[in-house]
Amino acid sequence: MGNTGILTWHKTAFLCSRNIHGDAILRCHDWAVRMRDEGRCVISGFHSLIEKDVLRYLLRGHQPLIIILARGMKKRIEPELKKPLDVGRLLILSPFDREVKRVTAETAMIRNKVMIDIADHIVVGHLNPDGNISNLFKSVNKEIEFLR
């Protein structure tokens with residue numbers, strides 16, 4: 001749903017472990033503001049609390065964004081996403097059928113793999129060494145930047 005032309009942009013994937021401490025939160029916020037101000041295309045699931053914060057910062061800009069869902073395509077679009085969709089700066093993708101209604105650890109992992117495959121660059125706001133994202137990165141052959 002949205003502007004598929006965004007797929008031609010240089011895309012930076014943003015991933016972040018759910019359990020995150022204060023310093024890392026501030027680094028993620030600063031990074032989001034920098035991406036917005038530089039007009040960089042960010043791709044994420046924007047599912048965890050910190051990812052939702054990052055999305056709020058990015059939506060204040062004019063750059064394109066890609067949301068990858070860990071469930072089937074949305075039936076209802078949130079009000080804050082309507083204008084970006086209408087003006088062609090948002091693309092919402094889902095690797096799942098509409099019948100997949102809930103996010104699970106498995107669907108989140110599939111979503112993250114799709115994000116990484118589509119992305120040109122990967123940024124991690126915070127990584128739990130024992131978490132699912134850490135396990136996923138064991139099979140990634142792209143450079144990963146960690147916010148420090």
Side-chain angles (χ1 to χ4, degrees), residues 1-20 24-25 27-128 131-137 139-147:
M1 176 183 308
N3 181 1
T4 57
I6 294 172
L7 291 170
T8 64
W9 282 65
H10 183 276
K11 298 164 291 302
T12 300
F14 177 75
L15 294 101
C16 192
S17 294
R18 287 178 300 210
N19 297 326
I20 182 171
I25 291 171
R27 284 193 297 274
C28 291
H29 289 179
D30 291 345
W31 177 84
V33 169
R34 192 170 72 248
M35 294 301 99
R36 178 195 69 204
D37 292 349
E38 292 175 7
R40 307 277 295 282
C41 178
V42 176
I43 179 173
S44 183
F46 299 112
H47 186 77
S48 70
L49 289 177
I50 188 62
E51 290 170 348
K52 288 177 182 179
D53 283 351
V54 165
L55 178 60
R56 278 191 286 278
Y57 284 105
L58 294 171
L59 286 171
R60 294 181 189 141
H62 301 286
Q63 78 291 345
L65 300 169
I66 301 173
I67 298 173
I68 306 280
L69 302 175
R71 60 178 184 80
M73 189 56 73
K74 296 174 176 276
K75 290 182 181 177
R76 184 185 71 73
I77 301 301
E78 294 86 345
E80 65 271 15
L81 299 180
K82 286 184 181 184
K83 183 175 180 186
L85 262 175
D86 291 345
V87 299
R89 63 178 281 245
L90 180 62
L91 177 62
I92 302 172
L93 300 173
S94 173
F96 303 102
D97 292 330
R98 277 193 186 264
E99 292 77 37
V100 178
K101 305 254 187 242
R102 295 179 190 241
V103 176
T104 66
E106 182 182 346
T107 63
M109 185 63 74
I110 292 167
R111 183 248 348 257
N112 290 344
K113 286 179 183 178
V114 170
M115 276 179 18
I116 288 168
D117 286 345
I118 292 173
D120 301 295
H121 182 231
I122 301 166
V123 171
V124 178
H126 177 72
L127 185 66
N128 177 343
N132 291 333
I133 295 173
S134 183
N135 290 330
L136 172 64
F137 286 157
S139 64
V140 171
N141 291 325
K142 293 183 180 181
E143 184 178 333
I144 302 168
E145 176 186 349
F146 295 89
L147 297 182

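Numbers here simply count residues along the sequence, with the first being 1.
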Checking ring pair (Phe, Tyr, Trp, His ring centres under 6.0 Å) against Trp31, which of Phe146, Tyr57, Phe14 comes through?
->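 One option only clears the test, and that one is Phe14.
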Using atom types as modelled and distance alone, determine if a side-chain donor or acceptor of [X] lies under 3.5 Å from a backbone N or O of [Y].
X     : Y     : value
Asn3  : Gly5  : yes
Ser94 : Arg71 : yes
Gln63 : Leu58 : yes

[X] to [Y] - nearest heavy-atom pair and separation:
X      : Y      : value
Glu38  : Arg40  : OE1-NH1, 3.1 Å
Ile6   : Leu90  : CD1-N, 3.5 Å
Ala70  : Arg111 : CB-NH1, 3.5 Å
Val103 : Ala108 : CG1-CB, 4.4 Å
Lys75  : Arg98  : CG-NH1, 3.5 Å
Gly39  : Pro64  : O-CD, 4.4 Å

[X] atom [atom1], neighbour heavy-atom count above 12 within 6.0 Å:
X      : atom1 : result
His126 : NE2   : yes
Glu80  : CD    : yes
Lys142 : NZ    : yes
Asp37  : CG    : yes
Ile118 : CD1   : yes
Lys101 : NZ    : yes
Glu143 : CD    : no
Arg18  : CZ    : no

Pair Ile144-Leu127, side-chain contact (heavy atoms from CB on, under 4.5 Å): steps then yes or no = CA-CA 11 Å; Ile144 302 168; Leu127 185 66; over 6 Å; no
Answer yes or no: is there a side-chain heavy-atom contact under 4.5 Å between [X] and [Y]?
X     : Y     : result
Met1  : Ile77 : yes
Leu91 : Leu93 : yes
Ile20 : Cys28 : yes

Aromatic plane relationship, His121 with His10 - under 30° parallel, 30 to 60° tilted, over 60° perpendicular =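 It falls in the tilted class, 30° to 60°.
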Nearest-0.5 Å distance, CG of residue Leu59 to CZ of residue Arg89 |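 With rounding to 0.5 Å, CG (Leu59) is 6.0 Å from CZ (Arg89).
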Could you check Ile92 against Leu85 for side-chain contact (heavy atoms from CB on, under 4.5 Å), going step by step and ending with a plain yes or no?
-> CA-CA 9 Å; Ile92 302 172; Leu85 262 175; 4.2 Å; yes
Check against salt bridge (Lys or Arg N to Asp or Glu O under 4.0 Å), Asp53 and Arg56 = CA-CA 5 Å; Asp53 283 351; Arg56 278 191 286 278; 2.3 Å; yes
For a side chain to side chain contact (heavy atoms under 4.5 Å, CB included) with Pro95, tell me which candidate from Thr107, Leu69, Val100, Ile110 qualifies.
->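 Testing each of Thr107, Leu69, Val100, Ile110 against Pro95, the sole residue satisfying side chain to side chain contact (heavy atoms under 4.5 Å, CB included) is Ile110.
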